[in-house]
Amino acid sequence: MTVYQATASAPVNIACIKYWGKRDTKLILPTNSSLSVTLDQDHLRSTTTSRADPAFTEDRLWLNGKVDEIKEGGRLATCIREMKRLRKEEVEDKNPNEPKLSTYKVHICSYNNFPTAAGLASSASGFAALVSSLAHLYQLPVSPSTLSLISRQGSGSACRSLFGGFVAWQMGSDPSGSDSLAIQIAPQSHWPDMHALICVVSDDKKGTSSTSGMQRTVETSALLQHRINNVVPQRMKDIEKAILEKDFDTFARITMADSNQFHAVALDTEPPIFYMNDVSRAIVAVVVEYNRISVEAGKGYKAAYTYDAGPNAVIYAPERNMKEIIELIVSYFPQEGGSFKDVFGLFGSGQLVAKVPSGFNENVAKRFGVGAVKGLIHTRVGDGPRKLGEEEALLNAEGFPKNLT
Ligand SMILES: Nc1ncnc2c1ncn2[C@@H]1O[C@H](COP(=O)(O)OP(=O)(O)OP(=O)(O)O)[C@@H](O)[C@H]1O
Ligand SMILES: C[C@@](O)(CCOP(=O)(O)OP(=O)(O)O)CC(=O)O
């Protein structure tokens, strides 16, 4: 008997121009366009296996080994329904010989190789991997932009994880959402020198979810209206140009300004929302001082911080600056000996030693103890979703998670 099964992995993306606010909460249509960098799935990824079988009695999902309920009318159910619709319209209706997979129930098993719901964009890679694995299962002849229309309905930011490199989510204007999709601005190969350092300040589940936080902002913040109407449209154009020209200085200025404005609209919400904490703010101060030395020497910005809906920092920088940045960060936020994974071999066989660059004003932030920054992940711009082989499937012969009995 034929087994209909496919496995895919998908990357995380971290926005430089933030999505914050919906004009349609059911279809997940944003109040502004946004733009992100896709991170390397060799380091952070969601992997998902999907199988369709006439013997299955219901659509089921296991996330990190535990059953995740597919609520009727919920986001997961919407994505699965929309993928089945595409299978029917794009494959089965056009070729009656194709098996009617759209009528079978599916079993889906997914695994994130990093903390889920901790502000590390697990919903983005998670829904992108779900949609990608179903697209392979159903052999859909559709573009990543079309798939982004569906992953968007799982979690808005997930639409940007359908591409590698530098990706824009165009807000669109059609009330049906048909033009609210992701496009690639430039592939990974355009600017492979773009690296990222994730400073994990907390890997706990967060207090105010993005979904509820942004809705409160839409309802109560006057500053959000200014951002949507007068700030983001120009920033989208400027950052796209900076990316195409590999102009890190402009990229960094816009990225930091947009992170700051996103956290300002969170604070402008009633009641106010705080995502950054003292450790986050100290990282800002350290990056600002690091850039000051370089700007005063006429060399422009060397690093850009950005924060999502949580205290973790992501620092974008050209690869050549990363060694210095890591040495600087660990001098303010010491790491447990040997805990940093030097995946790019920056320190050779030597030890990572705390060091501040010459001319750096060490009083810009206090020095924290071990544990304030719980981990550092050095990664870089990466590619889009990957189709994986049978040997990486997460479902066993019977179509249940391999690690469960
Ligand atoms: N691999 C996955 N497959 C399917 N759904 C997933 C997967 N990973 C995460 N999710 C969904 O995303 C939810 C977590 O999203 P949430 O927005 O709370 O956190 P986050 O994505 O880590 O943070 P943020 O989006 O603010 O950066 C999970 O509870 C689950 O419903
Ligand atoms: C701060 C952000 O990370 C917000 C992400 O919000 P989500 O995509 O998690 O929200 P929902 O669409 O409600 O699922 C900014 C961004 O990624 O652009």
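Computed from a prediction, not measured in an experiment: that's the story for all the values here. In listed order, ligands and their atoms are each counted from 1.
The shortest N or O to N or O distance between T48 and ligand 1 is not below 3.5 Å. In terms of polar-atom proximity, K18 is not counted as a contact of ligand 2, lacking any N or O under 3.5 Å from an N or O of the ligand. The shortest N or O to N or O distance between S157 and ligand 1 is not under 3.5 Å. Residue contacts with ligand 2: R160 is placed with a nitrogen or oxygen under 3.5 Å of a nitrogen or oxygen of the ligand (distance criterion only). Close N/O approach between K22 and ligand 2 is found [any backbone or side-chain N/O within under 3.5 Å]. Below 3.5 Å of separation, one finds no N or O of A309 facing any N or O of ligand 2. For ligand 1, the polar-atom distance check against A121 finds a nitrogen or oxygen pair separated by under 3.5 Å. Any N or O atom pair closer than 3.5 Å counts here, and S110 shares at least one such pair with ligand 1.
Between F400 and F56, the ring planes are perpendicular. Angles over 60° get that label, and only those under 30° would be called parallel.
A donor-acceptor pair shorter than 3.5 Å cannot be found between the side chains of S110 and W62.
With respect to the salt-bridge test (charged N to carboxylate O, under 4.0 angstrom), the residues D53 and K105 do not qualify.
With S123, C79, A129, A124 as candidates, the residue nearest to atom 16 (P) of ligand 1 on a non-hydrogen basis is S123. Proximity annotation for atom 14 (O) of ligand 2: of S155, A266, S34, A121, S155 comes nearest, heavy atoms only.
Interface of I28 with ligand 2, defined as ligand atoms under 4.0 Å from a residue heavy atom, comprises 12 (O). Heavy-atom contacts of R75 reach the following atoms of ligand 2: 11 (P), 13 (O), 14 (O) (cutoff under 4.0 Å). Residue-ligand proximity, M214 to ligand 2, at heavy-atom distances under 4.0 Å covers atoms 6 (O), 10 (O). Which parts of ligand 1 touch N112 is read off a 4.0 Å heavy-atom cut-off, strictly below it: atoms 1 (N), 2 (C), 7 (C), 8 (N), 9 (C). Proximity to T211 (heavy-atom distance under 4.0 Å) selects the following atoms of ligand 2: 11 (P), 13 (O), 14 (O).
Evaluation of the ring pair (Phe, Tyr, Trp, His ring centres under 6.0 Å) rule for Y316 yields F251 as partners, not counting sequence neighbours.
The closest approach between a heavy atom of L63 and any atom of ligand 1 is below 4.0 Å. In this structure, F262 is part of the shell of residues with a heavy atom less than 4.0 angstrom from ligand 2. At least one heavy atom of S210 sits closer than 4.0 Å to an atom of ligand 1.
The backbone and the side chain of S122 each have at least one atom closer than 4.0 Å to an atom of ligand 1 (non-hydrogen atoms only). The proximity of L120 to ligand 1, defined as any non-hydrogen pair under 4.0 Å, is limited to the backbone.
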Evaluation steps, ring pair (Phe, Tyr, Trp, His ring centres under 6.0 Å), between H195 and F344
CA-CA 11 Å; H195 278 223; F344 293 97; 4.7 Å; yes
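Heavy-atom contacts from other residues, nucleotides or ligands closer than 6.0 Å to NZ of K299 number 12 or fewer. Within a 6.0 Å sphere centred on CD of E391, heavy atoms belonging to other residues, nucleotides or ligands number more than 12. Open room surrounds NZ on K88; 12 or fewer heavy atoms of other groups in view lie less than 6.0 Å from it. The 12-atom threshold is exceeded at CD of E296, counting heavy atoms of other residues, nucleotides or ligands nearer than 6.0 Å. With a 6.0 Å radius and a threshold of 12 heavy atoms from other residues, nucleotides or ligands, E58 has its CD atom above the threshold.
Looking at T269, its side chain never comes within 3.5 Å of a backbone N or O of P272 through a donor-acceptor pair. Proximity of a side-chain donor or acceptor of Q153 to a complementary backbone N or O of I28 within less than 3.5 Å is not detected.
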